[in-house]
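Proteins come first, then strands; the chains are lettered A, B, ... in the order of their sequence lines, and each starts at number 1. As a basis for the values below, the full set of heavy atoms in this structure was taken, side chains included, without hydrogen atoms, waters or symmetry mates.
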Amino acid sequence: MSWVFLISGVVLLIGMLLILIRALLGPTVFDRVLAVNSFGTKTVVFLAILGFISGRADFLDIALLYALMNFIATIAILKFIEQRKLS
Amino acid sequence: MTWYDWVSTLCLCIGVFLCLTGAVGILRMPGFYARLHPAGKSDSLGQFLVLIALMFQAYATEDGLNEFSTDPRLTLIKLILIFLVVMITGPTATHAITKAAFMDGLKPWTKESTAEVDEHRSEFDKAHDSARLVVQQKSSHAGKGGTEC
């Protein structure tokens, strides 16, 4: 079963690389924010798969933390773009 | 392999495939609002399927296949928490990005607006457009006709 997780992880990494290219190229700032947000959610899935590859459940905690942090970061960046201040 | 191993593998394959197609869509779609489509929908479904596959796998480890040192039920609860968080935050973030872009006055991409916003577009998109133009000219030059899509 481990090789299925391994192949899935590699395919997810390829997808993350493609999203990273869009984040670097993105014409507008919203393209970059969208790409970074999508990259973060893919990182959550990749961390969960990595926990199953290495056989350690601790990675799921990191994935949960990363999901929350990614959401807060996206909302904060968008609020800053919209209002030019965070307070 | 038990039956939940097979269900898990199937869900994992479909989910990872959807994640990859979503990534390709984010890279290749022409405008910002078009890029929201693969980022918002296929990515979400792919993540849900991968997490469901991992839940099946955590359940499968309960009878004899346990690789974890912790309780498998704890793994299941953690996966359900990640599932709920991703399910709530993903569409909310996409909606917030769309709203911010709309409030900022970003125009949707059309074929007519391509020349207008040409200076804002990246070299990648220009190369893509010129390559597509060459392909269209070649196909019309071949004289088959009626093969436009």
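With chain A as the partner, the residue from B:Ile97, B:Leu36, B:Val16 showing the most heavy-atom pairs under 4.5 Å is B:Ile97. Ranked by heavy-atom pairs under 4.5 Å with chain B, the list A:Val44, A:Val45, A:Ile81 is led by A:Val45. Contacts with chain A were tallied for B:Val85, B:Ile82, B:Thr92; B:Ile82 has the most, counting heavy-atom pairs under 4.5 Å. Highest contact tally toward chain B, considering only A:Ala67, A:Ser38, A:Ser8, A:Ala48, is held by A:Ser8 [criterion: heavy-atom pairs under 4.5 Å]. The residue among B:Ala39, B:Cys19, B:Ala96 with the most heavy atom pairs within less than 4.5 Å of chain A is B:Cys19. For chain B, the option among A:Ile49, A:Leu17, A:Leu12 with the highest count of heavy-atom pairs below 4.5 Å is A:Ile49.
Crowding of B:Phe83 atom CZ: a count of heavy atoms from other residues, nucleotides or ligands under 6.0 Å exceeding 12.
Judged as a salt bridge (charged side-chain N to carboxylate O under 4.0 Å, His left out), not a single pair has a partner in residues 82-97 of chain B (not counting sequence neighbours). Sorted by first and then second residue, the side-chain hydrogen bond (donor to acceptor under 3.5 Å, both in side chains) pairs with a member in residues 44-53 of chain A form an empty list; sequence neighbours excluded. Judged as a side-chain hydrogen bond (donor to acceptor under 3.5 Å, both in side chains), the pairs with a partner in residues 66-76 of chain A (not counting sequence neighbours) are, in order, A:Asn37-A:Asn70, A:Asn37-A:Thr74.
A donor-acceptor pair shorter than 3.5 Å can be found between the side chains of B:His37 and B:Lys41. Side-chain atoms of B:Ser8 and B:Asp5 include no donor-acceptor pair closer than 3.5 Å.
To the nearest 0.5 Å, the span separating CG on A:Leu24 from CD1 on A:Ile19 amounts to 12.0 Å. The CH2 atom of B:Trp6 sits 15.0 Å away from the CZ atom of B:Phe56 when rounded to the nearest 0.5 Å. Separating the CG atom in A:Leu20 from the CG atom in A:Leu13 is a distance of 11.0 Å, to the nearest 0.5 Å.
Only the side chain of A:Ile75 comes within contact range of chain B, with at least one heavy atom under 4.5 Å from a heavy atom of that chain. Looking at B:Ile88, there are no atoms closer than 4.5 Å to chain A (heavy atoms on both sides), in backbone or side chain. Proximity to chain B (any heavy atom under 4.5 Å) is shown, for A:Val11, by both the backbone and the side chain.
Within residues 42-53 of chain B, the residues that have a heavy atom under 4.5 Å from a heavy atom of chain A are B:Asp43, B:Gln47, B:Val50, B:Leu51, listed by number.
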**Q.** Candidate pair A:Phe52 and A:Phe59, rule side chain to side chain contact (heavy atoms under 4.5 Å, CB included), full reasoning
**A.** CA-CA 8 Å; A:Phe52 275 77; A:Phe59 278 89; over 6 Å; no
